[in-house]
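Input: a single structure, listed below in structure tokens.
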Amino acid sequence: MNGAEETTEWRSAMIDVSELSLAELVEAARDTPAADTALGHCLRRLTGELDHPGEPIAGFNSAL
Amino acid sequence: MRPHRLTDAALTELGAGRPSPETLAELRRSQLSRHLLLLREIAAITGPGPFRALTEAERADPAATRRWIARPLVGVWATRCLTALRGGASPEDVGLDYLAQPTDHEQTVLRAEHDGLAVAVPLEDKDPLRAGLGLPPAPPLGAAATRRWQEAFTEAWRLLVTLARPDAEALTGILTCIVPVLPDPAARGISATSADAFGAVAISEPADADALAAGLLHETQHSLLNAVLYLFDMLEHPAERGWSPWRDDPRPASGILHGAYAYLTVTRFRRAQLRWGGDPLAAFEFARWRSAVAVAAAGLHDLTPAGARFVGALLDEVRPWLDEPVDPAIRRLAEGANTDHLLRWQLRNRTVAPADAAALAEAWRSGAQPPPVRSRLVPAPRRALEASARLDLAHRLLRHETVDGASGDGAYVLGDERAALRAYREMADFCGLALVTGLTAAPELAAATHTALAGEADPLELLRWLA
């Protein structure tokens with residue numbers, strides 16, 4: 001899932017779509033990406049986190 | 001399409017809590033990707049219809065629409081919406097009209113500038129989605145409350161820029177929204193961060209500028225770690241629960257990592273305060289949290305390769321602070337507070353089976369050695385902030401307020417350990433006894449045995465027997 005392809009760089013499973021327009025993404029949503037593609041893997045990780053949400057990190061006593 | 005990536009140097013700088021502006025920009029891009037992918041997955045279920053207004057707005061003003069999509073509360077909405085749709089909710093019931101008006105409502109903006117470093121952060125007190133950060137939001141602020149927030153923010157910014165400028169610079173690259181929340185009766189000041197809302201901090205009205213500065217440092221670290229965790233897993237078993245030095249309830253390993261990371265920058269801030277003016281409270285906080293962060297981070301196990309790199313850098317940052325001099329009286333209180341917390345945590349969260357308690361009592365009565373009994377962790381029903389009368393008294397002493405030495409806790413805090421021992425023995429306060437004597441017996445075992453013996457055993461002798 002994660003790992004260092006080489007010692008100087010850590011490559012995430014999460015795909016960079018920040019340069020794509022929303023219109024492109026919505027259009028592309030008509031097609032389901034194959035499970036073994038990078039996008040398919042990325043979307044599985046994204047939705048997997050929805051199925052196992054962490055609790056909000058709450059409770060810092062900021063005032064002494 | 002390329003994956004998001006970080007150089008090894010960027011990951012280790014993040015672990016040390018010292019991200020560069022370029023790294024922060026990459027993390028912000030990754031969070032924009034997250035929001036866009038959530039919207040894509042919503043569209044995969046609903047079809048493109050609900051997105052028409054948003055895509056038209058994007059054609060008209062791409063930059064403004066992109067800024068709207070990147071807002072932390074859009075992350076909250078998109079996460080909720082997609083979760084509901086995947087759970088079988090009808091598109092008519094998931095609030096898709098939120099996408100029809102992608103504009104910001106009018107907001108108060110907190111602004112501050114000190115020594116050439118400026119910051120401007122919207123104060124979000126109206127959007128109903130602000131409740132999604134995990135704490136009950138305060139109602140919309142009136143003029144007087146807004147003025148108090150601005151005054152505290154101005155002074156907090158002065159403190160941050162003066163004492164922790166690199167952290168203040170990083171904060172300008174992370175913090176995009178402050179949500180005022182209701183105070184918690186159990187806490188002096190409370191704050192929260194959601195993994196769905198990068199850059200948003202929910203925080204109760206600060207007691208003073210110092211509390212706001214510490215709260216903002218603490219919470220933006222959570223946001224930063226959430227963004228890193230979006231990219232890389234750090235723990236093989238993030239849900240495994242155990243002791244953390246800052247909460248009275250058992251915490252998952254992911255929460256312990258979060259706490260260590262958040263307290264790292266708060267500890268750095270207290271260190272700077274101590275060096276700046278020698279404030280006793282800052283010295284206490286520095287001495288307490290440097291140890292707590294180091295112990296908690298070192299106790300994390302089953303780290304992924306990225307987690308090992310990140311936590312290693314965190315430890316490299318905090319460990320040199322352990323050798324720095326702190327006034328011995330303050331150090332005693334700080335180290336005592338950490339020991340006390342662990343003892344109280346054990347007593348609160350670990351239980352002894354009745355048969356085991358009976359076996360211990362029987363061994364005591366017969367003069368035998370204690371049998372090899374172990375307590376077990378019980379899940380806590382709800383969040384438990386740290387609450388300790390001894391800690392409150394230590395804070396009073398450090399604020400130069402009167403502490404009554406007649407009670408066991410008062411005597412302990414004032415350093416009269418003989419008087420404290422007498423009082424704790426009389427009260428059968430096993431945490432206090434272990435704290436004063438340094439005996440390493442588990443307080444929950446001592447308390448369970450004492451109860452099984454109907455109080456007939458001397459608490460101090462019982463503790464010695466178990467140690």
Side-chain angles (χ1 to χ4, degrees), chain A, chain B residues 1-8 11 29-30 32-33 36-41 43-44 48 51 54-55 58 62 69 79 82-83 86 133-135 187-195 203 206-207 211 214-215 218-219 222 230-233 247 254-255 258 262 281 304-306 383 385-386 395:
Chain A
M1 190 175 290
N2 347 312
E5 290 231 328
E6 51 186 305
T7 54
T8 57
E9 186 176 79
W10 296 84
R11 298 181 62 164
S12 172
M14 305 313 286
I15 299 294
D16 185 355
V17 296
S18 64
E19 296 297 321
L20 299 182
S21 71
L22 179 66
E24 288 173 295
L25 284 161
V26 168
E27 179 61 29
R30 294 174 192 273
D31 304 319
T32 305
D36 58 353
T37 61
L39 182 59
H41 189 83
C42 164
L43 291 174
R44 261 202 323 283
R45 181 173 157 95
L46 180 78
T47 52
E49 286 180 0
L50 302 184
D51 297 336
H52 305 285
E55 61 183 300
I57 305 297
F60 178 51
N61 253 327
S62 51
L64 293 172
Chain B
M1 284 187 283
R2 73 172 192 108
H4 284 289
R5 52 188 126 192
L6 293 174
T7 64
D8 189 59
L11 185 64
R29 266 196 303 280
S30 75
L32 175 59
S33 285
L36 286 165
L37 289 170
L38 288 168
L39 293 174
R40 180 204 189 279
E41 289 302 275
F51 288 83
L54 197 54
T55 51
E58 183 183 48
I69 291 172
T79 304
L82 182 55
T83 302
R86 282 166 48 82
L133 298 187
L135 292 173
R188 290 157 288 236
I190 190 158
S191 50
T193 306
S194 165
I203 185 167
H218 185 107
E219 296 301 337
H222 286 315
Y230 171 72
L231 299 178
F232 304 105
D233 290 330
R247 283 268 290 262
S254 59
H258 260 289
L281 263 175
T304 64
R383 185 180 75 216
L385 306 180
E386 184 179 27
H395 284 154

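Letters go in sequence order (proteins before strands), and every chain restarts at 1. Computed from a prediction, not measured in an experiment: that's the story for all the values here.
Interface remark: A:T47 contributes backbone and side-chain atoms alike to the contact with chain B (heavy atom separation under 4.5 Å). Heavy atoms of B:T83 lying under 4.5 Å from chain A belong to its backbone as well as its side chain. Residue contact with chain B, scored on non-hydrogen atoms closer than 4.5 Å, involves the backbone and the side chain of A:L22 alike. Heavy-atom distances place the side chain of A:D51, and not its backbone, under 4.5 Å from chain B. Looking at A:L39, the atoms closer than 4.5 Å to chain B (heavy atoms on both sides) all sit in the side chain, from C-beta outward. B:L38 touches chain A through backbone and side chain together, each having a heavy atom under 4.5 Å away. Using a 4.5 Å cut-off between heavy atoms, A:E49 touches chain B through its side chain atoms alone.
One N or O on the side chain of B:E58 and one on the backbone of A:A23 form a donor-acceptor pair closer than 3.5 Å. With A:R45 contributing its side chain and B:Y230 its backbone, the two residues share a donor-acceptor pair below 3.5 Å.
Among all heavy-atom pairs drawn from A:L50 and B:R86, the shortest one is CD1-CD, 4.2 Å. The two residues A:R11 and B:R5 make their nearest non-hydrogen contact at CA-CB, 4.1 Å. Counting all heavy atoms, side chain and backbone alike, B:F232 lies closest to A:W10 at CZ-O, 3.4 Å. Summarising the geometry of B:S33 relative to A:V17, their closest heavy-atom pair is OG-N, 3.0 Å, with the distance given to 0.1 Å.
Comparing B:H218, B:H222, B:M1, B:E41 by heavy-atom pairs within less than 4.5 Å of chain A, the highest count is held by B:H218. Interface summary for chain A: among B:L39, B:T7, B:T55, B:L6, the most heavy-atom pairs under 4.5 angstrom belong to B:L6. Counting heavy-atom pairs closer than 4.5 Å to chain A, the top residue among B:A43, B:P3, B:A44 is B:P3.
To the nearest 0.5 Å, atom CG of residue A:D16 and atom CZ of residue B:R29 are 6.5 Å apart. Annotation: the span from B:L32 atom CG to A:E19 atom CD amounts to 9.0 Å, rounded to 0.5 Å. Atom CG in B:L37 sits 6.0 Å away from atom CG in A:L43 (nearest 0.5 Å).
Each of A:I15, A:L20, A:L25 was scored for a side chain to side chain contact (heavy atoms under 4.5 Å, CB included) with B:L36, with one residue passing: A:L25.
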